[in-house]
Amino acid sequence: MSRYSAIRTPRFDSPAAWAEILGGYSASTPLTGVKTADVVVIGAGFAGLSAARRLHQIDPALDIAVLDALHIGEGSAGRNSGFMIDLPHDLASDDYAGGGDDRALITLNRQAISFARNAVAEYGIDSAFADPVGKVNGAASKAGDDHNRSYAKHLNGLGEPSEELDAQAMFELTGSRHYRSGLYTPGTLILQPAGYVRGMAEGLRAAGVGIFECSPVTRFEKTGHDWRVTTPKGHITTPRIILANNGHLESFGIAKGRLMQLFLYASMTPDLNADQMKLLGGAPRWGVTPSDPMGTTMRRIDTAQGGNRIITRTCASLRPGMRPSAADVACAARVQQRKFDVRFPQLAGMKMQYEWAGHLCLTLNGVSVTGQVEQGVYSACAQNGLGTARGTLTGIAAAEIAMGQPSKIADHFEAEVAPELLPPQPFATWGANTYLRYKEWRAGAE
Ligand SMILES: Cc1cc2nc3c(=O)[nH]c(=O)nc-3n(C[C@H](O)[C@H](O)[C@H](O)COP(=O)(O)OP(=O)(O)OC[C@H]3O[C@@H](n4cnc5c(N)ncnc54)[C@H](O)[C@@H]3O)c2cc1C
């Protein structure tokens with residue numbers, strides 16, 4: 001094809017809390033006028049910023065432009081729970097154990113974590129925004145205990161360390177008596193996600209990369225040997241485009257009918273005062289993923305990360321139109337309030353300051369869409385849940401493929417099969433949402 005037009009560009013109607021608690025957005029720098037670049041990256045989330053960093057590493061003289069429809073940190077990269085996980089974390093399984101080559105996956109995820117940590121060091125990003133503290137899988141029921149045990153066995157078989165925590169240890173960590181046990185694994189990097197992506201963008205800008213916010217790409221089209229990338233206020237001519245725009249790849253008609261547009265929901269308390277913190281107890285920073293992949297993720301953050309707050313993440317829904325409604329967010333917020341109250345009866349009823357939705361993109365067969373789409377157009381999309389690590393990897397791979405730079409990361413993604421076709425609509429959405437409701441119900445107290 002020689003012309004791709006976006007039928008929609010990203011828009012969120014709920015706040016990106018992680019950015020707001022760091023003080024909102026500074027003045028944006030949209031693309032204006034007519035420009036040229038050696039590579040244009042569309043999307044400034046984990047994939048796009050990692051692609052830009054990798055391009056700059058490969059050739060510091062490259063003229064790179066990164067365009068995002070929103071402010072940095074306002075998209076899903078600033079709406080997640082911040083767990084950059086090294087281990088198998090298969091959301092479709094009962095206990096996260098992956099079904100494929102877990103050793104290879106762990107090696108890849110650790111390359112992503114090390115890429116992120118190097119960026120933090122090189123760009124002087126606040127270390128509180130990327131904390132290598134590991135995480136705990138919390139179990140609140142016998143079924144959760146069993147999931148943790150089977151996951152620990154799986155990890156043991158891979159030679160990966162884990163540590164069982166009893167109910168008292170979970171209480172001392174979280175201040176909650178909800179958990180009867182936990183499984184600690186040390187390799188997760190926990191992000192303040194908006195702080196991290198903003199730090200990446202600032203570091204890249206200082207290195208000479210053009211970062212243009214509030215610049216939705218409405219189309220790109222072939223002009224001679226190059227592509228012309230158009231936004232409302234300008235355009236850039238370039239020989240290479242990297243699409244790092246998550247599920248909005250489909251908005252350009254690419255991978256149509258093959259991407260599941262999933263929305264997850266979360267909420268965040270106000271900054272706790274001294275009395276509330278005393279009532280809460282526990283450590284000032286921790287991250288608990290549920291032992292059942294469809295359960296509830298909880299995090300506690302501290303002043304250095306944007307205030308003493310608790311974040312609750314639960315509920316998921318498929319929204320092929322890529323716009324969850326206010327009712328979706330409100331419905332998830334009610335569930336989150338219940339989950340919060342049951343875990344922290346000492347703070348029960350506390351009104352959340354932020355409630356929001358964010359977007360992730362899955363494929364039926366769990367592959368991403370990474371590599372060449374056509375001459376001069378490359379993709380780094382569909383992260384299948386673990387977008388902090390996988391997005392970093394697909395961005396690195398797309399940059400390497402675009403520059404003809406062989407690597408194991410690029411080989412991994414180039415060897416992936418194509419994403420499977422979804423069942424026809426509306427059955428795909430009905431079926432998936434019913435299945436999600438069932439899995440959420442089955443996750444119960446987890
Ligand atoms: C509540 C929640 C919790 C989550 N928790 C975790 C977690 O703990 N760990 C984890 O690994 N993952 C988590 N995720 C998933 C993770 O956030 C995503 O997978 C990740 O953000 C995907 O990265 P990305 O760079 O591919 O896409 P994005 O972060 O979505 O970045 C894509 C960017 O492209 C831009 N864009 C799209 N179309 C255009 C266009 N036409 N023009 C210009 N720009 C465009 C968007 O504005 C966006 O900024 C969570 C998600 C949610 C919603």
Side-chain angles (χ1 to χ4, degrees), residues 4 6 9-10 19 25-75 77-78 115-116 118-120 122-125 194-223 225-246 248-249 252 376-381 391-392 394-396 398-403 405:
Y4 295 83
T9 57
Y25 309 107
S26 49
S28 68
T29 47
L31 175 75
T32 51
V34 177
K35 292 191 165 42
T36 58
D38 295 320
V39 191
V40 170
V41 180
I42 302 177
F46 294 99
L49 295 169
S50 303
R53 174 167 156 79
R54 186 70 190 112
L55 289 167
H56 184 71
Q57 284 177 335
I58 293 169
D59 182 355
L62 275 182
D63 186 359
I64 304 162
V66 181
L67 305 174
D68 201 287
L70 307 170
H71 291 97
I72 306 291
E74 188 184 357
F115 183 87
N118 288 340
V120 168
E122 191 181 322
Y123 299 152
I125 298 173
Y196 171 76
V197 289
R198 280 180 175 184
M200 279 281 273
E202 276 157 30
L204 286 164
R205 210 176 248 144
V209 173
I211 306 276
F212 302 99
E213 299 171 83
C214 304
S215 303
V217 173
T218 51
R219 67 171 192 273
F220 55 95
E221 63 214 310
K222 198 98 202 189
T223 53
H225 291 298
D226 289 332
W227 291 92
R228 189 162 69 174
V229 180
T230 302
T231 67
K233 293 185 182 157
H235 63 249
I236 311 188
T237 303
T238 179
R240 297 182 202 92
I241 297 173
I242 294 181
L243 291 156
N245 56 340
N246 197 353
H248 280 280
L249 184 66
F252 286 108
V377 181
Y378 306 86
S379 163
C381 295
T392 301
T394 60
I396 293 172
E400 288 170 342
I401 295 165
M403 297 304 294
Q405 180 93 10

K.L.:
Any side-chain heavy-atom pair from R219 and Y4 closer than 4.5 angstrom?
P.N.:
no
K.L.:
Is any side-chain heavy atom of V377 closer than 4.5 Å to one of W227?
P.N.:
yes
K.L.:
Does any non-hydrogen side-chain atom of F220 lie less than 4.5 Å from one of R228?
P.N.:
no
K.L.:
Which one of C381, P216, S379 satisfies the side-chain contact (heavy atoms from CB on, under 4.5 Å) criterion with N245?
P.N.:
C381
K.L.:
Go through Y378 and E400 one step at a time and tell me if the side-chain contact (heavy atoms from CB on, under 4.5 Å) criterion holds.
P.N.:
CA-CA 10 Å; Y378 306 86; E400 288 170 342; over 6 Å; no
K.L.:
Compare all side-chain heavy atoms of V41 with those of L55 and state whether any distance is below 4.5 angstrom.
P.N.:
yes
K.L.:
Please say whether the positively charged group of R205, taken as NZ for Lys or CZ for Arg, lies over the ring of Y123, i.e. under 6.0 angstrom from the six-membered ring centre and within 45 degrees of the axis.
P.N.:
no
K.L.:
Is there a side-chain contact (heavy atoms from CB on, under 4.5 Å) between T230 and V217 once you walk through the steps?
P.N.:
CA-CA 6 Å; T230 302; V217 173; 6.0 Å; no
K.L.:
Give a yes or no answer on whether the side chain of E213 reaches the backbone of I72 with a donor-acceptor pair at less than 3.5 Å.
P.N.:
yes
K.L.:
State, to 0.1 Å, how close A399 and I58 come at their nearest heavy-atom pair, and which atoms those are.
P.N.:
O-CD1, 4.2 Å
K.L.:
Of all heavy-atom pairs between C214 and P30, which one has the smallest distance, and what is that distance?
P.N.:
O-CB, 3.9 Å
K.L.:
To the nearest 0.5 Å, what is the distance between CG on L31 and CG on D68?
P.N.:
12.5 Å
K.L.:
Calculate, to the nearest 0.5 Å, the distance between atoms CD and CG belonging to E202 and L49 respectively.
P.N.:
11.0 Å
K.L.:
From D38 CG over to I236 CD1, what is the distance, rounded to the nearest 0.5 angstrom?
P.N.:
11.0 Å
K.L.:
Enter the distance from R54:CZ to I64:CD1 here, rounded to the nearest 0.5 Å.
P.N.:
11.0 Å
K.L.:
Please determine whether side-chain contact (heavy atoms from CB on, under 4.5 Å) holds for the pair T231 and T218, giving the CA-CA distance in whole Å, both sets of side-chain angles, and the decisive distance to 0.1 Å.
P.N.:
CA-CA 6 Å; T231 67; T218 51; 5.8 Å; no
K.L.:
Taking side chain as C-beta onward, heavy atoms only, is D63 less than 4.5 Å from T238?
P.N.:
no
K.L.:
Roughly how far apart are S50 OG and L204 CG, rounded to 0.5 Å?
P.N.:
9.0 Å
K.L.:
Working to the nearest 0.5 Å, report the span between OG1 of T29 and NE2 of H71.
P.N.:
9.0 Å
K.L.:
Would you find a donor on one side and an acceptor on the other, under 3.5 Å apart, between the side chain of N246 and the backbone of H248?
P.N.:
no
K.L.:
Are I241 and I42 side-chain neighbours, meaning at least one heavy-atom pair lies under 4.5 Å?
P.N.:
yes
K.L.:
Does the structure place the NZ or CZ of R53 under 6.0 Å from the centre of the six-membered ring of F115, at an angle of no more than 45° from the ring's axis?
P.N.:
yes
K.L.:
Can H235 and V34 be said to form a side-chain contact (heavy atoms from CB on, under 4.5 Å), step by step?
P.N.:
CA-CA 5 Å; H235 63 249; V34 177; 3.8 Å; yes
K.L.:
I'd like to check the side chain to side chain contact (heavy atoms under 4.5 Å, CB included) partners of A47; sequence neighbours left out, ordered by chain and number.
P.N.:
A244, A380, Q383, T394
